[in-house]
Amino acid sequence: MSNTIIVGAQWGDEGKGKIVDYLTEHADVVVRAQGGNNAGHTVIHDGQTYILHLVPSGILWPDKRCVIGNGVVLDPVALLGEIDKLAAQGIEVTPEKLAISDRAHLTLPYHPKLDANRESVRGGKKIGTTGRGIGPTYADKVERSGFRLADYQDPVALAEKLAAKVVEANLILDAAGVEPLDLEAVGNALNAALERLAPFTRDTAALLHREIKSGARLLFEGAQGTYLDIDHGTYPFVTSSNTTAGGACTGSGVSPRAIDHVTCVAKAYTTRVGAGPFITENQAFSDRMHGMGREFGATTGRKRRCGWFDAVLVAHACRLNGADGLAVTNLDGLDGIETIKICTGYRLRGELHDVPPARVEDWEAAEPVYEELPGWPDTPTAGAPEIGSLPTAARSYLDRLAELCETPIELVGVGPDRSETLVV
Ligand code: IMP
Ligand code: MG
């Protein structure tokens, strides 16, 4: 394996963490390039369950190096909490193993408060954010008033800038009747966190260029999914970063020319957490999943909304990301179902569409066009040891997904453990 990007083809939670963990065996450096601690990657590694938010999952391997790139937004307190939790689980996070970009923007205590405030003024049009302050942090970055890890090098300038930002945030919070922030407390917490993170802080683009030159193989671990992309997703029901493959390059400083392979990860059905359009959403299907104890969010514990596989979405995601292959996860979630539906088109105002619309109103008005395939109610795929032992109907289902998405299937997940990943 050479330099590979792993990206979600739906609304996140496709099981990227597990696929990344599986592919890490053939990688030297695992890179996060966008998003923040809104992400939640559940990885079962050597029988232990880890939930990672900011730290790349390569950390679970003793001999791999990890990078948090410039495109990530980083809550320093949350990151340190995650590092401590990993240490308690026996995983040492050292500066030799983890490098953090000096250009990464910081999520500060006012960002989650502003996130919550924004949501409350949205009334009935809430995005259902994770509440981690992601939107306001990226807003400050783009508006050019953000804080980067590198700012730690000039504590005087940092304190001045922080004072101005806290005054500004407190004006908004005060008007909303929210308790304002105490500048001194914020400053002290920030300084303490930055001091502990200083040994990890590096020019990670330069580091990655050296790694590439020395022949290291990079694995880019995407967070969220294609339809949460700020440009290509179901705007405004999206996150605030470019979750598509291009974001791996801008968010790390690695050129698109250095990328050899893109794998899109899609569930064998569809899920979404938070609000926003979801054409194939199905209540009975959701209830069935939750009844099986499946599909609860890793970051917020919320029930995920569930529905049938939407081939319009995933086919378009494969084009947006330039997918060389698809990893289809959670095939075992369809075990026991008599008849399975796949959405192959959207009907909007009497016309058939094969790409998603731009406007949320059109997403909501569109009707799914389904084709039905026989399920495999009597032969579970869960725990199948190899692709050849899947029931014929499951093989046909996968073949149809590949055909509709015009992308070959590389991997199939039939259970949460890394060993339950079948190579096609
Ligand atoms: P934010 O990223 O917290 O601003 O949330 C914006 C939207 O993205 C909400 O619908 C969240 O539920 C969703 N979201 C953010 N991160 C993830 C993720 O890692 N998996 C699934 N959904 C996510
Ligand atoms: Mg997740």
Side-chain angles (χ1 to χ4, degrees), residues 6-21 32-44 49-57 71-75 78 82 105 107 111-122 125-142 221-244 247 251 265-267 269-278 281 294-307 313 317 327 329-330 360 363 413 416:
I6 306 294
V7 51
Q10 294 155 330
W11 281 289
D13 303 316
E14 297 91 350
K16 297 176 294 292
K18 190 187 97 154
I19 299 296
V20 170
D21 189 47
R32 263 287 297 273
Q34 45 72 226
N37 62 327
N38 50 349
H41 292 162
T42 308
V43 184
I44 302 179
T49 301
Y50 303 89
I51 297 184
L52 300 162
H53 299 286
L54 276 162
V55 178
S57 59
V72 171
V73 292
L74 198 130
D75 181 332
E82 196 173 322
H105 277 252
T107 298
H111 290 125
K113 289 204 173 208
L114 294 172
D115 192 355
N117 183 53
R118 265 294 149 68
E119 281 283 80
S120 72
V121 301
R122 283 184 184 117
K125 292 242 181 268
K126 287 191 199 338
I127 291 172
T129 72
T130 60
R132 300 295 190 269
I134 304 300
T137 309
Y138 277 115
D140 279 357
K141 171 179 175 173
V142 173
E221 173 176 346
Q224 291 87 43
T226 295
Y227 294 97
L228 290 172
D229 185 283
I230 186 75
D231 287 286
H232 300 288
T234 44
Y235 191 89
F237 298 95
V238 292
T239 190
S240 299
S241 61
N242 282 116
T243 59
T244 40
V265 185
K267 267 185 187 147
Y269 46 93
T270 314
T271 65
R272 151 161 227 175
V273 268
F278 181 173
E281 184 171 17
R294 302 177 80 107
E295 303 306 346
F296 293 88
T299 298
T300 55
R302 290 181 286 180
K303 276 184 182 169
R304 296 181 185 137
R305 302 155 61 194
C306 306
L313 281 193
T329 61
N330 291 265
V360 148
W363 280 91

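Values in this document were obtained by computation on a predicted structure and should not be read as measured data. Both ligands and their constituent atoms are indexed starting at 1 by order of listing.
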Original post:
Is there an N/O/S atom in Gly17 at a distance below 2.8 Å from the Mg ion (ligand 2)?
Top reply: no

Just let me know how [X] lines up against ligand 1, side chain, backbone, both or neither, with a heavy-atom cut-off below 4.0 Å.
X      : value
Phe237 : neither
Val238 : backbone
Glu14  : neither

Checking the N or O distance criterion of under 3.5 Å, is ligand 1 in contact with [X]?
X      : answer
Asn38  : yes
Thr130 : yes
Arg272 : no
Thr239 : yes
Arg302 : yes

Original post:
Is Gly128 near ligand 1, meaning one of its heavy atoms is under 4.0 Å from it?
Top reply: yes

Output the list of atoms in ligand 1 that are nearer than 4.0 Å to some heavy atom of [X], sorted by atom number.
X      : result
Trp11  : 21 (C), 22 (N)
Val273 : 10 (O), 12 (O), 21 (C), 22 (N)
Asp13  : 20 (N), 21 (C)

**OP:** Return yes when atom NZ of Lys303 has more than 12 non-hydrogen atoms of other residues, nucleotides or ligands closer than 6.0 Å, and no otherwise.
**Re:** no

No-hydrogen, no-angle side-chain donor-acceptor test under 3.5 Å, [X] and [Y]:
X      : Y      : answer
Asp75  : His53  : no
Gln224 : Thr243 : no
Thr300 : Arg302 : yes

**OP:** If the plane angle is over 60° it's perpendicular, under 30° parallel, otherwise tilted; pick one for Trp363 and Tyr227.
**Re:** perpendicular

Original post:
Do side-chain atoms of Thr226 reach the backbone of Gly8 as a donor and acceptor pair under 3.5 angstrom?
Top reply: yes

Subject >> CA sep, side-chain torsions, deciding dist, call: Thr239, Thr129, side chain to side chain contact (heavy atoms under 4.5 Å, CB included) >> reply: CA-CA 8 Å; Thr239 190; Thr129 72; over 6 Å; no

**OP:** Name whichever N, O or S atom of Asp13 ends up nearest to the Mg ion (ligand 2).
**Re:** OD1

